[in-house]
Amino acid sequence: MLSSEVWSQYFDSGCHPAFTSETRFETHGKLSADSGVTRFLPHVFGDPQSAISNQDTRSLFDYHQATKHTYHSVRAKAHALDWSNQPVPFRTYEGAPVTLLSPQPGFPNTGTFEAMGALGGGTGGAAENDSEDREPIRLDAKCLSRLLWHSMAISAWKKVPGAGDRYSLRVNPSSGNLHPTETYLALTGFTGLDDGLYHYRADRHALELRSRGAWTQHMAQALLIPWAAKPSLIIGLTSIFWREAWKYRDRAYRYSCHDLGHAMMSLLLAARALGLPGGAITHFSDSRLTSALGLTGSDEAPMIFLVFGPKIPAGQVSGLSREIFAGVPNELSQEEVPYELLLRIHRSTILADPVGLPPNTSSANATIADRQPILPDLSRSPARDTSLAAIARRRRSALDFDARTTPMERSELEQLLDFATRDWLADWRGNFGGEITTAGKGADFVSLYLYVHRVRGCDPGVYRWDSYSQKLELLHSGNVQRVAAYLSLEQTLAGNACFTVSMVAELAKAARIFGNRGYRYVHFEAGAIGQRLYLGSEALGWNATGIGAFYDDDVHRYLGFLEEADGSVSSTLDAAERATLVQLGSPTNRLAPPQHKDSMELALSFSGGSDDQLSGKKQPRENNLGAAPTEDSRQLPQQVIYHFAVGRAIADPRLEA
């Protein structure tokens with residue numbers, strides 16, 4: 001059995017505090033002007049091959065294969081964290097003018113599911129924001145405060161037991177609570193604020209003015225989106241990969257992209273509730289936008305841009321000043337460690353300048369559309385809902401789940417899955433600023449496979465969610481709690497939950513359409529689904545957590561994408577059981593309340609079932625994606641990229657009241 005110190009390096013379920021780093025920074029790092037720290041990201045753009053390697057999709061599959069977890073790799077590749085070199089979780093620009101935003105600024109009484117249902121431009125509660133009867137949205141500092149307070153701000157604090165140190169949680173989740181995502185805002189026409197480019201400081205809930213002028217126009221030009229030449233707001237999301245790589249090394253690129261998907265959806269939902277419809281632009285020239293944001297030579301990479309209306313009224317556009325950027329960015333660590341696989345995959349996803357329109361994705365859902373030509377009615381209101389204002393700030397990543405809780409209702413499960421997979425706007429999905437797909441809906445590249453444990457009206461087993469027919473398809477009946485826990489890197493929360501999800505992406509299809517750039521997009525999509533599962537679960541009175549670590553090929557093998565071999569799920573699961581690593585029914589966090597007798601008996605009952613019932617060794621799952629199982633996992637066209645779990649969370653004693 002591995003020591004708790006070793007496991008703490010590998011159990012990385014989203015913002016899972018039982019096994020993640022204790023982020024203790026409350027101060028800021030040294031300024032770059034005073035530091036000799038080495039940054040490796042700028043070298044990516046210095047490589048002459050970086051902008052022409054996107055179509056060589058071997059890079060995508062090589063990286064994904066090299067960063068897979070296996071039962072043996074996590075035991076052989078453990079590493080010790082250098083706590084003295086932990087990156088600062090907040091970026092600051094010393095010398096830039098600061099505008100403090102009002103905390104607790106209020107928010108419209110829009111339901112969580114209503115906002116989700118309105119993202120795709122259909123009818124629903126949040127669509128009332130666009131009605132003629134509604135007063136036009138007032139663009140001012142309070143509007144921005146509301147937007148950021150309910151999407152990107154600090155939401156709570158925790159204390160480290162016995163040490164007294166505090167660390168923050170945020171509205172948007174992050175793997176390891178490391179937060180690689182930074183937020184920039186180009187504003188025009190906001191009362192009380194100069195037109196310009198700003199950086200959001202989450203630690204102070206404030207805006208740092210980096211440059212004055214008509215930056216929404218400038219950004220629209222850099223993004224090559226003439227159809228949005230005069231938006232009032234463009235938000236740029238960047239990623240500091242080093243923040244994640246400090247702990248998760250080369251696999252950190254996956255987690256950084258997950259986090260971007262969560263942050264993107266967090267902002268889109270808050271903006272939609274405020275009456276600011278918008279969508280995501282991700283197909284752009286990396287070098288052009290790096291320069292446009294003033295990040296040349298920086299440790300940040302531009303990844304997503306969110307474009308919002310309404311358009312700027314005539315005569316309200318100020319002139320664009322010279323690109324002079326105020327403020328010196330703080331250094332995050334004394335030393336940055338290069339992770340070549342991570343830098344290589346990012347290099348391979350870079351698009352050359354200039355870029356054209358995104359490839360047409362109208363055929364991406366063709367097979368699904370043929371199977372289900374009549375789309376379901378997506379205009380119906382949710383059966384239950386709760387205000388997004390409260391839910392967004394209340395969301396937490398669960399430590400573990402209580403296996404003794406009352407089961408979830410099937411209607412709740414189906415409502416969660418329905419709204420988590422509703423349509424939303426993004427250029428790579430083919431429904432924002434470009435062609436509409438023939439299926440009448442943005443292209444989806446991620447499918448959900450469920451391990452159902454405790455859902456009333458649902459037999460325990462493995463299911464696939466068909467987002468077009470809005471139905472659960474049963475693939476295997478049986479108790480799969482132990483399997484779900486094992487596949488999720490032996491984290492018991494995946495078995496103690498009401499259900500756990502494997503998000504499986506069509507990597508081959510994304511690579512064929514977008515090249516290596518598609519690797520970003522499938523992870524963005526998974527994060528966007530995960531954010532809605534988080535918020536939807538909270539709105540229905542449940543809790544959730546993202547799980548970034550799992551045994552990749554064991555998931556493929558169990559779901560039937562790989563042929564069974566000597567290294568089957570059954571044998572590794574049995575080995576894990578003998579090492580007492582998968583002990584269901586007992587919270588994994590040592591700070592959790594003491595065990596109850598019935599919970600311990602439940603744990604013992606889960607570890608003693610027959611293999612064919614629990615592991616599926618004699619009943620392999622049918623591959624429902626249409627591809628024949630293969631023995632070469634590198635060549636799998638569909639591969640798992642994210643796990644998620646929903647249930648009733650145990651209490652976290654570290655949370656401050």
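From a predicted model like this one, the values you see are computed outputs, not experimental measurements.
- Of the possible donor and acceptor atoms, one in the side chain of Q481 sits under 3.5 Å from a partner among the backbone N and O of G495.
- For F61, the ring pair (Phe, Tyr, Trp, His ring centres under 6.0 Å) criterion is met by no residue, not counting sequence neighbours.
- Side-chain atoms of T112 come within 3.5 Å of backbone N or O of T386 as a donor-acceptor pair.
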Working for side chain to side chain donor-acceptor pair (under 3.5 Å), residues T57 and N516 = CA-CA 5 Å; T57 56; N516 295 314; 5.2 Å; no
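- Atom-to-atom distance recorded for D259:CG and M303:CE is 11.0 Å, nearest 0.5 angstrom.
- Of the possible donor and acceptor atoms, one in the side chain of T500 sits under 3.5 Å from a partner among the backbone N and O of A494.
- Every residue meeting the ring pair (Phe, Tyr, Trp, His ring centres under 6.0 Å) condition with Y519, not counting sequence neighbours, appears here in chain and number order: Y63, H64, H523.
- At least one side-chain heavy atom of E490 sits less than 4.5 Å from a side-chain heavy atom of Y551.
- Minimum heavy-atom separation, S73 to K68: OG-O, 4.1 Å.
- Contact record, S537 with L416: N-CD2, 3.2 Å, taken as the closest heavy-atom pair.
- Looking at residues two or more places apart in sequence or on another chain, you find a ring pair (Phe, Tyr, Trp, His ring centres under 6.0 Å) between Y521 and W428, F514.
- Proximity of a side-chain donor or acceptor of S488 to a complementary backbone N or O of Q491 within less than 3.5 Å is not detected.
- Of the possible polar contacts, none joining the D466 side chain to the E473 backbone as a donor-acceptor pair under 3.5 Å is found.
- Residues satisfying the side-chain contact (heavy atoms from CB on, under 4.5 Å) test with S155, not counting sequence neighbours, are L169, V171, R393, R396.
- Side-chain contact annotation: Q638 with K509, donor-acceptor N/O pair under 3.5 Å absent.
- Under the side chain to side chain donor-acceptor pair (under 3.5 Å) criterion, H258 pairs with no residue, sequence neighbours left out.
- Every residue two or more places apart in sequence or in another chain was checked for a salt bridge (Lys or Arg N to Asp or Glu O under 4.0 Å) with R512, and none qualifies.
- V480 approaches V452 most closely through the heavy-atom pair CG2-O, 4.0 Å.
- Remark: R456 engages E409 in a side chain to side chain donor-acceptor pair (under 3.5 Å) (not counting sequence neighbours).
- In this structure, the side-chain contact (heavy atoms from CB on, under 4.5 Å) partners of A649, at least two apart in sequence or on a different chain, are A398, N543.
- You'll find the ring centres of Y463 and Y449 outside the 6.0 Å limit.
- The ring pair (Phe, Tyr, Trp, His ring centres under 6.0 Å) with F550 is formed by just one residue from the set H69, H556, H643; it is H643.
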Let me see the working for S397 and Y534 under side chain to side chain donor-acceptor pair (under 3.5 Å), right down to the final yes or no.
-> CA-CA 8 Å; S397 295; Y534 260 126; 2.6 Å; yes
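- Looking at heavy atoms from C-beta onward, M265 lies out of side-chain contact with F524 at the 4.5 angstrom threshold.
- L472 is listed as a side-chain neighbour of L413, based on a closest heavy-atom distance under 4.5 Å.
- Residues satisfying the salt bridge (Lys or Arg N to Asp or Glu O under 4.0 Å) criterion with R532, sequence neighbours excluded, are absent altogether.
- By the 4.0 Å N-to-carboxylate-O rule, K471 lies too far from D418 to be salt-bridged with it.
- Here the straight-line distance linking atom CG of L535 with atom OG of S266 works out to 7.0 Å at 0.5 Å rounding.
- In this structure, a donor-acceptor pair under 3.5 Å is present between the side chains of T421 and W465.
- Residue A528 comes nearest to M264 through the heavy atom pair CB-CE, 4.0 Å, listed as atom of the first residue, atom of the second, then distance.
- Residues C498 and F401 are not in side-chain contact: their nearest non-hydrogen atoms beyond the backbone lie 4.5 Å or more apart.
- Inspection of the D402 and N496 side chains reveals no N or O donor paired with an N or O acceptor under 3.5 Å.
- With a 6.0 Å cutoff to the six-membered ring centre and a 45° limit on the axis angle, R249 does not count as a cation-pi contact of Y339.
- Partners of R394 according to the side chain to side chain donor-acceptor pair (under 3.5 Å) rule, which considers only residues two or more places apart in sequence or in another chain, do not exist here.
- Rounding to the nearest 0.5 Å places CG of L533 at 11.5 Å from OG1 of T545.
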Step by step, work out the ring pair (Phe, Tyr, Trp, His ring centres under 6.0 Å) result for Y451 and F499.
-> CA-CA 6 Å; Y451 310 85; F499 70 93; over 10 Å; no
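- Taken from CG in L341 to CG in D250, the straight-line distance is 4.0 Å, to the nearest 0.5 Å.
- The shortest heavy-atom contact between S239 and S256 is OG-CB, 3.5 Å.
- Taking CG of L269 as the start and CG of L119 as the end, the distance is 5.0 Å to the nearest 0.5 Å.
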Please walk me through it: do R557 and D553 pass salt bridge (charged side-chain N to carboxylate O under 4.0 Å, His left out)?
-> CA-CA 6 Å; R557 192 172 293 112; D553 283 336; 5.6 Å; no
For the pair R254 and E244, evaluate salt bridge (charged side-chain N to carboxylate O under 4.0 Å, His left out) and give the outcome as yes or no after the intermediate values.
-> CA-CA 10 Å; R254 300 189 187 198; E244 286 291 318; over 6 Å; no
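- D62 meets the side-chain contact (heavy atoms from CB on, under 4.5 Å) test with R58, R634; sequence neighbours excluded.
- Looking only at side-chain heavy atoms (C-beta outward), L489 and V74 come within less than 4.5 Å of each other.
- Using modelled atom types, no side-chain atom of Y486 and backbone atom of T492 make a donor-acceptor pair closer than 3.5 Å.
- Here the side chains of S151 and N172 are not in contact, with every heavy-atom distance at 4.5 Å or above.
- Annotation: side chain of F561 is not in contact with side chain of V555 (no heavy-atom distance under 4.5 Å).
- Within the structure, salt bridge (charged side-chain N to carboxylate O under 4.0 Å, His left out) pairs that include any residue of residues 518-531 comprise D286-R520 (at least two apart or interchain).
- Panel note: side chain R395, backbone R170; a donor-acceptor pair is recorded below 3.5 Å.
- Residues C458 and M408 are not in side-chain contact: their nearest non-hydrogen atoms beyond the backbone lie 4.5 Å or more apart.
- Separation of atoms OH (Y255) and CZ (F241) is listed at 15.0 Å; rounding is to 0.5 Å.
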